[in-house]
Amino acid sequence: MRRAATLITSLSLLTLATAGPAAAAGPGDDLTPRVPGKHSVVHREQAAIAASPARIWDILADLPRYGEWNPWVRQAEGRLEPGSRVDVTVVLGNHVMAAQHTVLVVEPQHRLCWRDAGWNAYFVYGQRCRTLEQRPDGTVLVTNELLLDGIFSSSTNLLMGAALQQGLAGETSALKQRAERAS
């Protein structure tokens, strides 16, 4: 038991030492979205949605109604302002769990990013960005991207990658259905 505690302590210190000053300061201190690096794993889903950017944004920004349409994030509450906290209830495979996020970017009708802010953020950085791009054919390309970063990103992906990809796919498909439905 003592060896396990020593190993966990050592891994925690190693993670903080190698992750840089933002991780050492604690989750939620840095509001600049990360770009993929050498330890990153990126999951991505895209959909061309036949709706206006305003309609899609209204759905994404209406956190209290996530439970009506989103199979991955069943409940969300908080404020969509950089630095604010958003609490969600998320489905990962057969597990339902609470997660805390810090809002990074809010660009109405264009981009919404948040990152993990719970205890797990000390071990692996998780960031999710949804980007809306108006296309010449009148549709909007929605990119839903999840970035896992840090020395434990590959391990996290092995354990939870399939459930994370399934969640992204489910949310992206449900967003398309809701946005294209007549309002």
Side-chain angles (χ1 to χ4, degrees), residues 11-47 49 53-54 56-64 66 70 72-73 75-90 92 97-135 140-161 163-165 167-169 171-172 175:
L11 287 174
S12 298
L13 292 173
L14 176 65
T15 300
L16 292 175
T18 60
D29 293 76
D30 184 9
L31 299 180
T32 304
R34 288 191 187 177
V35 295
K38 69 179 184 176
H39 295 293
S40 300
V41 175
V42 178
H43 292 274
R44 182 179 297 115
E45 287 288 328
Q46 293 183 310
I49 300 179
I56 297 165
W57 182 263
D58 287 347
I59 295 167
L60 288 174
D62 191 359
L63 298 178
Y66 269 40
N70 194 327
W72 190 21
V73 179
Q75 180 180 359
E77 57 184 44
R79 291 178 302 133
L80 291 182
E81 298 172 3
S84 293
R85 181 173 157 164
V86 173
D87 295 319
V88 302
T89 301
V90 63
L92 286 175
M97 58 188 277
Q100 298 81 40
H101 301 288
T102 298
V103 177
L104 302 175
V105 174
V106 180
E107 297 172 7
Q109 299 182 33
H110 178 65
R111 191 170 185 217
L112 172 62
C113 299
W114 63 42
R115 71 183 191 101
D116 291 345
W119 65 268
N120 59 312
Y122 284 103
F123 300 99
V124 66
Y125 177 94
Q127 168 184 292
R128 197 140 72 88
C129 291
R130 296 113 166 154
T131 306
L132 286 61
E133 178 186 336
Q134 183 74 59
R135 295 169 38 155
V140 175
L141 179 64
V142 174
T143 302
N144 197 350
E145 183 175 278
L146 173 65
L147 168 74
L148 301 175
D149 197 26
I151 60 172
F152 295 118
S153 59
S154 293
S155 300
T156 301
N157 192 55
L158 283 173
L159 292 172
M160 300 169 49
L164 293 168
Q165 188 66 45
L168 274 179
E171 179 180 277
T172 304
L175 176 62

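Being a predicted model, the structure only gives us computed values, none of them experimental.
Counting only heavy atoms from C-beta outward, the side chains of Leu80 and Val86 approach each other to under 4.5 Å. Here the side chains of Pro82 and Val106 are in contact, with some heavy-atom distance below 4.5 Å. Between Glu145 and Cys113 the shortest side-chain heavy-atom distance does not fall below 4.5 Å.
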Query raised in the report: Does the pair Val140 and Glu133 meet the rule for a side chain to side chain contact (heavy atoms under 4.5 Å, CB included), with working shown?
Result: CA-CA 5 Å; Val140 175; Glu133 178 186 336; 5.7 Å; no

**Report entry** Candidate pair Thr131 and Val142, rule side chain to side chain contact (heavy atoms under 4.5 Å, CB included), full reasoning
**Finding:** CA-CA 6 Å; Thr131 306; Val142 174; over 6 Å; no

Query raised in the report: After noting the C-alpha distance and the side-chain angles of Asn144 and His43, does the key distance pass the side chain to side chain donor-acceptor pair (under 3.5 Å) rule?
Result: CA-CA 8 Å; Asn144 197 350; His43 292 274; over 6 Å; no

Requested in this report: Check the pair Leu146, Gln127 against side chain to side chain contact (heavy atoms under 4.5 Å, CB included), reporting the backbone distance first and the verdict last.
Outcome: CA-CA 6 Å; Leu146 173 65; Gln127 168 184 292; 6.0 Å; no

**Report entry** Intermediate values then yes/no, side chain to side chain contact (heavy atoms under 4.5 Å, CB included), Trp57 and Leu112
**Finding:** CA-CA 9 Å; Trp57 182 263; Leu112 172 62; 3.9 Å; yes

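Here the CD-CH2 distance, from Gln100 to Trp119, works out to 11.0 Å after rounding to the nearest 0.5 Å. The distance from the CD atom of Glu107 to the SG atom of Cys129 is 9.5 Å, given to the nearest 0.5 Å. From Ser84, atom OG reaches atom CG of Leu31 across 9.5 Å, with rounding to the nearest 0.5 Å. Between atom CD1 of residue Ile59 and atom CG of residue Leu175 there is a gap of 5.5 Å, rounded to the nearest 0.5 Å. A distance of 12.0 Å separates CG in Asp116 from CG in Asp149, rounded to the nearest 0.5 Å. Rounded to the nearest 0.5 angstrom, Leu92 CG and Trp72 CH2 are separated by 7.0 Å.
Taking the centre and axis of the six-membered ring of Tyr125, the NZ or CZ atom of Arg115 falls outside the cone set by 45° and 6.0 Å.
Contacts of Glu45 classified as salt bridge (charged side-chain N to carboxylate O under 4.0 Å, His left out), with partners at least two apart in sequence or in another chain: none. Every residue meeting the side-chain contact (heavy atoms from CB on, under 4.5 Å) condition with Asp62, not counting sequence neighbours, appears here in chain and number order: Pro64, Arg65. Evaluation of the side-chain hydrogen bond (donor to acceptor under 3.5 Å, both in side chains) rule for Asp58 yields no partner, not counting sequence neighbours.
Each of Leu148, Leu147, Asn157, Val35 was compared with Ser40 under the side-chain contact (heavy atoms from CB on, under 4.5 Å) criterion, and only Leu147 meets it.
Proximity of a side-chain donor or acceptor of Tyr66 to a complementary backbone N or O of Leu60 within less than 3.5 Å is detected. Between the side chain of Thr156 and the main chain of Phe152, a donor-acceptor pair closer than 3.5 Å is present. The backbone N or O of Leu132 sits less than 3.5 Å from a side-chain atom of His110, completing a donor-acceptor pair.
Closest approach of Val42 to Pro36, counting heavy atoms only: CG2-CG, 3.8 Å. In terms of heavy atoms, Val105 sits closest to Pro33 at CG2-CG, 3.4 Å. Of all the heavy atoms in Gln46 and Leu141, the pair that sits closest is NE2-CD2, 3.8 Å.
The pair Glu171-Arg130 meets the salt-bridge criterion, with a side-chain N (NZ, NE, NH1 or NH2) lying under 4.0 Å from an Asp/Glu carboxylate O.
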